[in-house]
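Side chains are part of it too, since the values below use all heavy atoms of this structure and drop only hydrogens, waters and symmetry mates. Residue numbers start from 1 in every chain, and the chains themselves are labelled A, B, ... in the order their sequence lines are given, proteins ahead of strands.
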Amino acid sequence: DQQVKQNSPSLSVQEGRISILNCDYTNSMFDYFLWYKKYPAEGPTFLISISSIKDKNEDGRFTVFLNKSAKHLSLHIVPSQPGDSAVYFCAAVSNSGYALNFGKGTSLLVTP
Amino acid sequence: NAGVMQNPRHLVRRRGQEARLRCSPMKGHSHVYWYRQLPEEGLKFMVYLQKENIIDESGMPKERFSAEFPKEGPSILRIQQVVRGDSAAYFCASSTIGGTGNTEAFFGQGTRLTVV
């Protein structure tokens with residue numbers, strides 16, 4: 001069963017605009033959420049995370065928002081750059097666990 | 001994440017052969033995790049190991065798959081009698097701490113196994 005869902009397989013955004021990637025989860029035990037970026041033929045690279053005690057975390061051009069009541073989080077990239085083109089995975093883990101539960105990923109294409 | 005070394009990068013096996021995937025964690029990391037990514041899917045947790053111990057193998061298929069992380073040397077994921085459905089990318093991650101989340105986990109570049 002897919003406990004972390006990324007319903008948009010792909011997203012195309014113009015350079016300089018905002019990219020918004022969405023993620024939903026079903027397991028209420030999850031309390032830590034992470035975004036990973038992955039280029040083809042590479043391993044995932046950690047991007048940004050958020051704890052369930054927060055609703056926002058910001059790091060440079062990247063901001064993650066968490067809505068616990070809706071079991072929804074989103075990653076905002078602004079301004080988007082062509083180098084941001086990659087597959088973005090949302091992942092979640094419970095406080096008592098260590099196994100990351102990944103979504104299927106969203107392929108972001110930033111066009112010049 | 002170049003510090004986590006996986007080899008080989010690509011592995012082709014015929015049905016029924018054995019596949020051995022190796023993972024050398026980052027220096028100073030004693031926790032290793034294996035994940036599998038099937039085509040068009042996200043990564044799925046397979047097993048969590050510390051040196052000489054399997055902590056959690058709840059994500060491992062019941063048969064044909066095994067993992068170890070010896071006192072010396074890399075962690076090994078072994079798949080016996082491979083079938084076409086084993087074709088996937090296998091990623092290893094390592095961290096200095098385990099337990100609560102693994103935000104400190106760094107992933108290797110993966111081994112792409114193709115079973116023909």
Notebook entry, point to check: Below 4.5 Å, heavy atoms only, C-beta onward: do B:F91 and A:E42 meet side chain to side chain?
Noted result: no

Margin query: Tell me whether A:I50 shares a hydrophobic cluster with A:I48, the cluster being built from Ile, Leu, Val, Met, Phe, Trp, Tyr side chains joined at under 4.5 Å.
Written below: yes

Checklist line | Proximity of A:Y36 and B:F107 rings by center, below 6.0 Å | finding: yes

Check: So with a 6.0 Å cut-off around CD of B:Q81, is the heavy-atom count from everything else above 12?
Finding: no

Check: CG/B:L43 to NZ/A:K38 distance, rounded to the nearest 0.5 angstrom?
Finding: 7.5 Å

Check: Is atom NZ of A:K54 surrounded by more than 12 heavy atoms (other residues, nucleotides or ligands) closer than 6.0 Å?
Finding: no

Next item on the list: Under 4.5 Å, counting heavy-atom pairs only, tell me which of A:A41, A:G105, A:P9 racks up the most with chain B.
Entry: A:A41

Check: Going hydrophobic residue to hydrophobic residue with side-chain gaps under 4.5 angstrom, can you get from B:F69 over to B:I54?
Finding: yes

Notebook entry, point to check: Is chain B contacted by the side chain of A:A91, its backbone, both, or neither, given a heavy-atom distance below 4.5 Å?
Noted result: neither

Checklist line | Sequence-distant partners of B:D86, side-chain contact (heavy atoms from CB on, under 4.5 Å), two or more places apart | finding: B:R36, B:R64, B:F65, B:I79, B:V82, B:V83, B:Y90, B:L113, B:V115

Next item on the list: Flag yes if A:L100 and A:F46 sit in one hydrophobic cluster, no otherwise; membership is Ile, Leu, Val, Met, Phe, Trp, Tyr, and two members link when side-chain heavy atoms are under 4.5 Å apart.
Entry: yes

Next item on the list: Mark yes when over 12 heavy atoms from residues, nucleotides or ligands other than B:R15 sit less than 6.0 Å from its CZ; otherwise mark no.
Entry: no

Next item on the list: Output the residues of residues 67-78 of chain A for which the shortest heavy-atom distance to chain B is under 4.5 Å, in residue-number order; output 'none' if no such residue exists.
Entry: none

Item checked: Per-residue contact mode, A:Q6 against chain B (heavy atom under 4.5 angstrom) -> neither

Next item on the list: Could you tell me whether A:R17 atom CZ has more than 12 heavy atoms of other residues or ligands within 6.0 Å of it?
Entry: no

Next item on the list: For the pair B:Y35 (side chain) and A:F102 (backbone), establish whether a donor and an acceptor sit closer than 3.5 Å, ignoring hydrogens and angles.
Entry: no

Notebook entry, point to check: Is there a path of hydrophobic side-chain contacts, each under 4.5 Å between heavy atoms of I, L, V, M, F, W or Y residues, that connects B:I55 with B:W34?
Noted result: no

Check: Do you reckon A:F65 sits in the same ILVMFWY cluster as A:V4, going by side-chain contacts under 4.5 Å, direct or chained?
Finding: no

Item checked: Under 4.5 Å from any heavy atom of chain A - which part of B:E40 -> backbone

Check: Can you find a pair of side-chain heavy atoms, one from B:Q37 and one from A:F89, that are under 4.5 Å apart?
Finding: yes

